[in-house]
Amino acid sequence: MEINFVYILFLSSICFIISFIGGMVGLVLGVIRLPFILSTGLSVTESVGTNIGVSTLGAITAAIQHIRNKNISVVIFIIMAFTSAIGAFYGASLTKNVPINFLLILVGLIISYESFTLLKENNNTINNENNNNNNKKRIASLLNLNHKLTSQNSYYDTFLQSIIGFLVGVLGGLVGLVLGSIRLPVMIKILKTETKIAIGTNMLISSVMGMSGFIGHVISNEVNFLYLIVLGPSAMIEGFLGAKYTNRLSPTTLKRLIGIVLAFVAATIFISQITELKFLDI
């Protein structure tokens, strides 16, 4: 297959930027990369398969760095990865019975809302939440209820993580998406997970689910390994380097950055519906 090496160099540079930002904020961002891969002339199915391969390689190295930085919650990872996989399997079985375009628009609206709420959040809100949490802990300590409250919260958190993981998995299975773009802000806003922990854990979950999807495309012969070999290393290097910067940014800065990235993701989803572009791994 003939390759335009000048364009490949440009494409590698794009992968560098996308994977660096993705590694830093815990998102694979394949939805942003895919249009560039499609522009090489590959078929849609081959572009999608190659794209999810590149995304997975970048996600794996970024996840490794996040593990080294202790940005992973093993408990949340196990619960949400397992329930998301079950939900995705169930959702995939219903794909033929649902309006995919409507669901994709719904996904775009959800991500837009999550982007808005993250961008709206400010230091005063964070400080107020921290003060409220500290007050609750002090009251519980005075009443000698710390142990009991911790146990109750643990059961509640496990239940909430399971439900969210399953529902995100079902929606992802229905539309063929990893949906880390929905899972990450939910972990931050609803599960109240520390931002850098949510970022690292989400990236690890996405890498596992991405690997599963990539294997499926390999089996279906929908991966161009020439482009994967060319673009994969840049995604791996920058995903790893991007993840190193997560701990260097404040939670407020990380949330604002995630909000900006999610706005781009949502815009790409809406544009994809206008142009009838199909993608796989956000």
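Because the structure is predicted, anything quoted here is derived from the model rather than measured.
- Applying the side-chain hydrogen bond (donor to acceptor under 3.5 Å, both in side chains) test to Ser43 and every residue at least two apart in sequence or in another chain returns Thr45.
- Under the 4.5 Å side-chain heavy-atom criterion for grouping Ile, Leu, Val, Met, Phe, Trp and Tyr, Val75 is not connected to Ile197 through any hydrophobic cluster.
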Quiz item: Which is it for Asn51 and Ser55 under the side-chain contact (heavy atoms from CB on, under 4.5 Å) test, yes or no, and what are the steps along the way?
Solution: CA-CA 6 Å; Asn51 185 49; Ser55 294; 4.1 Å; yes

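- In this structure, Ile32 and Leu29 have side chains that are in contact, with non-hydrogen atoms separated by less than 4.5 Å.
- For Ile163, the side chain to side chain contact (heavy atoms under 4.5 Å, CB included) criterion is met by Phe159, Leu167, not counting sequence neighbours.
- Evaluation of the side chain to side chain contact (heavy atoms under 4.5 Å, CB included) rule for Leu57 yields Leu228, Met236 as partners, not counting sequence neighbours.
- Clustering of Ile, Leu, Val, Met, Phe, Trp and Tyr by side-chain heavy atoms under 4.5 Å joins Tyr113 with none of the others.
- When hydrophobic residues (I, L, V, M, F, W, Y) are linked wherever their side-chain heavy atoms come within less than 4.5 Å, the members clustered with Leu109 are Ile105, Phe270.
- Taking Ser39 as the reference, Tyr7 meet the side chain to side chain contact (heavy atoms under 4.5 Å, CB included) condition, with sequence neighbours excluded.
- Side chain to side chain, Asn69 and Gln65 meet the donor-acceptor criterion of an N or O pair below 3.5 Å.
- In this structure Thr117 satisfies the side-chain hydrogen bond (donor to acceptor under 3.5 Å, both in side chains) test with no other residue, sequence neighbours excluded.
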Side-chain donor-acceptor distances from residues 238-247 under 3.5 Å, at least two apart:
residue: Thr246; atom: OG1; partner: Met24; partner atom: O; Å: 2.8
residue: Thr246; atom: OG1; partner: Ala243; partner atom: O; Å: 3.4
residue: Asn247; atom: OD1; partner: Asn71; partner atom: ND2; Å: 2.8

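- Shown here are the side-chain hydrogen bond (donor to acceptor under 3.5 Å, both in side chains) partners of Ser250, two or more places apart in sequence or in another chain: Thr253.
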Enumerate, atom names and distances included, each donor-acceptor pair closer than 3.5 Å involving a side-chain atom of residues 76-89, sequence neighbours excluded.
residue: Thr83; atom: OG1; partner: Ile79; partner atom: O; Å: 2.8
residue: Thr83; atom: OG1; partner: Met80; partner atom: O; Å: 3.4
residue: Ser84; atom: OG; partner: Met80; partner atom: O; Å: 2.6
residue: Ser84; atom: OG; partner: Gly165; partner atom: O; Å: 3.0

